[in-house]
Every structure is written in structure tokens, then in C-alpha cells.
There are 2 protein chains.
Amino acid sequence: MSEFKSDQYGPCTVTIKHGCPIELAMHIMGGKWKGIILSLLSKSPMYYNAIRREIPGITQRILTLQLRDMEKDGLVAREETNDSPKRVLYYLTDLGENFVPILKSLKQWGNIYIDKQEEGLKK
Amino acid sequence: MSEFKSDQYGPCTVTIKHGCPIELAMHIMGGKWKGIILSLLSKSPMYYNAIRREIPGITQRILTLQLRDMEKDGLVAREETNDSPKRVLYYLTDLGENFVPILKSLKQWGNIYIDKQEEGLKK
DNA sequence: CTGAATCCTTCAGGATACTG
DNA sequence: CAGTATCCTGAAGGATTCAG
């Protein structure tokens, strides 16, 4: 009766091991830096190094991994230039764009949470 | 210039180690079962065992841990009865309710994702 | 009925160095 | 510039058993 029965997507033996679309979305976007990356790219396409500069604290390896995940999941796309040394431009796909509003909601909710915590301190 | 500078909440040395409200929200709600729990409780308050029955595959330990997290984070509240054996009722707080719409968005987005995957298969 | 106590596994994320 | 290649760590989740 619940909408959250697990493993109920019929013959769909795709890459999907999550029965519930919510779990799926959380898993796809749950990477530590994916929210920030998506937010950055929502403003404009960016080259690899530009992204890296905007996220101090991330290593090359991790940035590449997160971008690869997001590419595989169809959130971002990449485009290599013919320059030398070559550069790689990343930009959001439609699916990626679709997530941006959710990101804004999450941000609002996060701020509410922070406010409540600060209230709790003053009392 | 970015809205996502990390560790920029001034003297706020609370439980908050996330500079960005988005990261914060993802971290709080990122627990493997928290989405499902929240969804269940959004329909009505529930006793511990009822929740457990609705989520086959979760162990007692994990369910308790997730509920404790959510209680600590102010998403749910608990109320013990005086029965014997005692029962514990869980229900959403305002903060928890505030997250429900986001859950719906995540669900929609997840379904879009699934549809796109299935398209890709038919071609 | 609702948990606490132990112990164990997995894997995302990170540090560092190297490359076309 | 945009990555690989190794190696390592911690924390989340899980299996199982015991308790008020």
C-alpha cells in the first residue's frame, strides 16, 4: 500500500538498484560535491580547471570522479576543445537543469535549519 | 563571489561543519532510509514497529539509529506511552514537514530519470 | 515492544605522485 | 590542462545477540 515498496520496477534490470525514485535521486545527487558542481554549472558552462578553482578542498581525482558520475548519469555533458593543451568544457544537460530548482529548495530548507539552531543557542 | 564558499559561517561552531546549506540538507537527509521514514510519517504518526513493518530490509539497530539522528536534527519527535510493554510514537516536527515538498520534487525528478533510462533502452 | 552492545564489511572520499 | 595510478582511512550500514 505504501508508495515505497522496494525492488518493484518490473523487468527493469538497468543500472537501477533503487526501487524508490527518491532513494534513486538521493543516491545520484548524494555525492559530496555534486550539489556544488551543479550549482556552479547552473550559472554557466565551465572548464575543468575553473570548476576546480571554485571548489577549494577538492582533489583532482575526486573532481574527476564526481564529474564522471554525473556524466554517466546524464546530468552534465563534456566537450573537448582542439587546443593544446586541450581543455574540457562541462555544462548541464536538461536533466541536470531539472535538478536546479530542487537545489534551491534544499538551500532554503538548510537555511531554516541553521536559523533554528541559532535560535536554540540564544535562549 | 560564489554562493558556495566553504566554512564561512563565522563564529558558528555549532554542530554545523557544512559551510553550504545545500550540503547540510543533503547530509541530514542523506541517510539511506530517512527519505522513506519521512514519507511514511508524512501520512500519519506511527509506532516504531509499524515503521519497521513498512520497511522490510531494515534492521532494528539501523532504524533506531536513523530515527535518533532525525530526532537530534529536529525532523521527528517521539512520545512514549505508559503501556506495558511500552510503545513509542514517532511523528514529524514542523521542520520535518517542511521537507515533504522537497521529497515530492525528488520523487518526480527520480521518475524523469527512470523514464529517460527506459527510452535509452528501446532505441 | 523498543531498543543497546558487539563485531564486521564495504566503499566513498582523500593524499600523493605521475602522464599525454 | 585534464586527467591516471596507488594506497589509505573513516564512517555508514548491517548481522546478530542481549536487555528493560
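Hydrogens, waters and symmetry mates are skipped; everything else that's a heavy atom, side chains included, is used. Below, chain A is the first sequence line, B the second, and so on; all start at residue 1.
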When you check the phosphate oxygens OP1 and OP2 of D/dG3, does a side-chain N or O of A/Arg52 lie under 4.0 Å from one of them? no
From the options D/dA2, C/dT16, D/dG13, select the nucleotide whose nearest atom is closest to the side chain of B/Lys32. D/dG13
Has B/Lys34 got a side-chain atom pairing as donor or acceptor with B/Met70's backbone, closer than 3.5 angstrom? no
Taking atom C1' of D/dA19 as reference, at what distance in whole Å does atom NZ of B/Lys86 sit? 11 Å
Decide yes or no for A/Leu41 and A/Ile51: does some side-chain heavy atom of the first lie under 4.5 Å from some side-chain heavy atom of the second? yes
Nearest-Å distance, CD1 (B/Ile58) to P (D/dA12)? 15 Å
Could you work out which one of C/dG14, D/dT4, C/dT2 sits closest to the side chain of A/Thr64? D/dT4
With a 4.5 Å heavy-atom cut-off, do A/Leu106 and B/Ile102 have their side chains touching? yes
Length of the NZ-P vector between A/Lys72 and C/dA12, whole Å: 10 Å
Round to a whole Å and report the spacing from CE of B/Met46 to P of C/dT2. 11 Å
In whole angstroms, the gap separating P of C/dC1 from CG of B/Asp83 amounts to 12 Å
For C/dG14, does either OP1 or OP2 sit under 4.0 Å from a side-chain N or O belonging to A/Gln60? no
Is the phosphate of C/dG3, meaning OP1 or OP2, less than 4.0 Å from a side-chain N or O of B/Tyr90? yes
4.5 Å side-chain heavy-atom contact, B/Ile37 and B/Tyr90: no
Report the distance from atom CE of B/Met70 to atom P of C/dG3, rounded to the nearest whole Å. 14 Å
Relative to the ring of B/Trp109, is the ring of A/Phe99 parallel (under 30°), tilted (30 to 60°) or perpendicular (over 60°)? perpendicular
Specify the residue among B/Tyr47 and A/Gly57 whose closest nucleotide of DNA chain C lies further upstream toward the 5′ end. B/Tyr47
Give the nucleotide from the list C/dT2, C/dG14, D/dC1 with an atom nearest to the side chain of A/Trp33. C/dG14
OP1, OP2 of D/dT4 versus side-chain N and O of A/Arg68: anything below 4.0 Å? yes
Measure from the side chain of A/Arg61, starting at C-beta and using heavy atoms only, and say which of C/dT2, D/dA15, C/dG13 lies closest. C/dG13
Going by heavy atoms in the side chains, are B/Arg68 and B/Arg78 under 4.5 Å from each other? yes
Measure from CD on A/Glu23 to P on D/dA12 and round the result to the nearest Å. 18 Å
Measure the shortest side-chain to side-chain distance between B/Ile22 and A/Ser39 over non-hydrogen atoms and say whether it is less than 4.5 angstrom. yes
Specify the separation, in whole Å, of atom NE2 of A/His27 and atom P of D/dA12. 15 Å
Between the side chains of A/Asn98 and B/Tyr113, is a donor N or O closer than 3.5 angstrom to an acceptor N or O? no
Identify which nucleotide among D/dA2, C/dG13, C/dT2 has an atom closest to any side-chain atom of A/Gln66, counting heavy atoms from C-beta outward. C/dG13
Could you tell me, to 10°, how much the axis swings from one end of the helix from C/dC1-D/dG20 to C/dG20-D/dC1 to the other, five pairs per end? 50°
Nearest to the side chain of B/Arg78, which nucleotide is it out of C/dA15, D/dA2, C/dG3? C/dG3
